[in-house]
**Student:** 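Before anything else, here's the structure in question.
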2 protein chains.
Amino acid sequence: MSPSTTRSPAKASGLDCRLAVLGADVRLTPHRREVFDVLAASTDHPTAYDILDRVKSRSPGMSLATVYNCLEHLTSHGLIKLVHLERGQSRYCANLHEHVHFHCETCGKVIDAHPNADFDPAKFWNLPAGTRVTRTDLAIHGTCQNCAAKS
Amino acid sequence: MSPSTTRSPAKASGLDCRLAVLGADVRLTPHRREVFDVLAASTDHPTAYDILDRVKSRSPGMSLATVYNCLEHLTSHGLIKLVHLERGQSRYCANLHEHVHFHCETCGKVIDAHPNADFDPAKFWNLPAGTRVTRTDLAIHGTCQNCAAKS
DNA sequence: TTTAGAATTAGAATGATTCTAACTGCATTG
DNA sequence: CAATGCAGTTAGAATCATTCTAATTCTAAA
């Protein structure tokens, strides 16, 4: 956990790789890389279990604990986002563009929705003077296109 | 759970009371009433455990299971709202006015923030045609006034 | 008063996540 | 090159919030 290690973090070996995201140079081990790749290739906001499933073809030995470790590392370094839509399993996404999550209460699907205008939610709400905002999470719940058509 | 009971719901006894909220006439047992009252008197978004604590002075025998049952009943009847801000315990609030939640990442406090203009968040986001929105949840994370002043 | 259904209870069960302790392997130091 | 140390990884235990189950109590209708 401590970033103040004497070990040089700059030297990359064959088992080590890096990823430059948003200007940050993040060191990725093979497992972290695979977890990230799975997430980057997914648009359905997989859970930790989903990710373990998808990673298993390439890394059959990976454990759930490692998936959680990797997700924690990637989240804390800003490469992915953690989404809480309801009680139960957390979901993850690699979409770093500003967006919100639409959650279909019928089929459980989660889709990203992007803003159609430059929009800062924090401006619309009366927060006490001196409040510092680091991030906002907007979740929209309802019925998706498909489920709405069926009913 | 079924609302289609033959039992007349209109007859109230000394141990039964009702509450008219938003036009709905909701039947409240003493325990449900106490849970609701505790929540209505709280502005700090208590968890189920917090509520059990606060209810205990009036109902020493109440169990956590009953608190959860009451919260479920009140939530499904629209008398209170369930808030998920992060992994861990859910929080509840009895503020039914349109508002969002500000969560201080330093002290953990949650405060309600009200809109300063008539505002529908769903309008700002590109949702597929045919999507039906039932509710939106906006959580703002950051540092509150007090914690910001200390740092 | 009998009976049925709803509410309540304690404790067990579940499910997601985190923790612990042991192990592996690379990389720096001697 | 060998020794040492630390990050990464692992399986499984532990924890925590919540839900379920079965038994009990209460209320109201027949």
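Residue numbers start from 1 in every chain, and the chains themselves are labelled A, B, ... in the order their sequence lines are given, proteins ahead of strands. Since the model is a prediction, treat every value here as computed from it, not as a measurement. Values below: all heavy atoms of this structure, side chains included; hydrogens, waters and symmetry mates excluded.
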**Student:** Quick one: salt bridge (Lys or Arg N to Asp or Glu O under 4.0 Å) pairs with a partner in residues 46-61 of chain B, sequence neighbours left out?
**Tutor:** D44(B)-R54(B)
**Student:** Taking only residues two or more places apart in sequence or in another chain, which ones pass side-chain contact (heavy atoms from CB on, under 4.5 Å) with S59(A)?
**Tutor:** H31(A), E34(A), V55(A), M62(A)
**Student:** Taking atom C1' of dA11(D) as reference, at what distance in whole Å does atom CG of N69(A) sit?
**Tutor:** 12 Å
**Student:** Keeping to residues at least two apart or across chains, list the salt bridge (Lys or Arg N to Asp or Glu O under 4.0 Å) pairs with something in residues 60-71 of chain B.
**Tutor:** none
**Student:** Which pairs, with at least one residue in residues 137-151 of chain B and sequence neighbours excluded, count as a salt bridge (Lys or Arg N to Asp or Glu O under 4.0 Å)?
**Tutor:** R135(B)-D137(B)
**Student:** Looking at T29(A), I'd like to know whether one of its side-chain N or O atoms comes within less than 4.0 Å of OP1 or OP2 on dG8(D).
**Tutor:** no
**Student:** Atom CD of E86(A) to atom P of dA17(D): distance rounded to whole Å?
**Tutor:** 19 Å
**Student:** Return the value, rounded to whole Å, for the distance between atom CD of E72(A) and atom C1' of dA7(D).
**Tutor:** 15 Å
**Student:** Among all residues two or more places apart in sequence or in another chain, which pass the side chain to side chain donor-acceptor pair (under 3.5 Å) test with T134(B)?
**Tutor:** E105(A)
**Student:** Sequence neighbours excluded, which residues qualify as side-chain contact (heavy atoms from CB on, under 4.5 Å) partners of N69(B)?
**Tutor:** none
**Student:** H77(B) NE2 to dA7(C) C1': how many Å, rounded?
**Tutor:** 14 Å
**Student:** Roughly, in whole Å, what's the span from CG in L64(A) to C1' in dT17(C)?
**Tutor:** 8 Å
**Student:** What residues form a side-chain contact (heavy atoms from CB on, under 4.5 Å) with A113(B), not counting sequence neighbours?
**Tutor:** W125(A), L127(A), V100(B)
**Student:** Under 3.5 Å between N/O atoms: give me all the protein pairs with nucleotides 12-14 of chain D, atom names plus distance.
**Tutor:**
none

**Student:** Does a side-chain N or O of R32(B) approach OP1 or OP2 of dA7(C) to a distance below 4.0 Å, or not?
**Tutor:** yes
**Student:** Does dT19(D) have its OP1 or OP2 closer than 4.0 Å to a side-chain nitrogen or oxygen of R87(A)?
**Tutor:** yes
**Student:** Output the rounded distance in Å from NE2 (H31(B)) to C1' (dT25(D)).
**Tutor:** 12 Å
**Student:** Polar atoms only, N or O, under 3.5 Å: list the protein pairs with nucleotides 21-23 of chain C and their distances.
**Tutor:**
none

**Student:** With a 4.0 Å limit, can you tell me whether S63(A) has a side-chain N or O closer than that to the phosphate oxygens OP1/OP2 of dT9(D)?
**Tutor:** no
**Student:** Using a cut-off of under 3.5 Å, enumerate the N/O to N/O pairs linking the protein to nucleotides 12-16 of chain C.
**Tutor:**
residue, atom, partner, partner atom, Å
dA16(C), OP1, Q89(A), OE1, 3.3

**Student:** Quick one: is T66(B) getting a side-chain N or O under 4.0 Å of the dA7(C) phosphate, OP1 or OP2?
**Tutor:** no
**Student:** Taking only distance into account, with no hydrogens and no angle test, what donor-acceptor pairs under 3.5 Å do side-chain atoms of residues 142-149 of chain A form with protein atoms, sequence neighbours excluded?
**Tutor:**
residue, atom, partner, partner atom, Å
Q145(A), NE2, A129(B), O, 3.3

**Student:** Under the rule for side-chain contact (heavy atoms from CB on, under 4.5 Å), what residues qualify as partners of H99(A), not counting sequence neighbours?
**Tutor:** K81(A), C93(A), N95(A), H101(A), D112(A), H114(A)
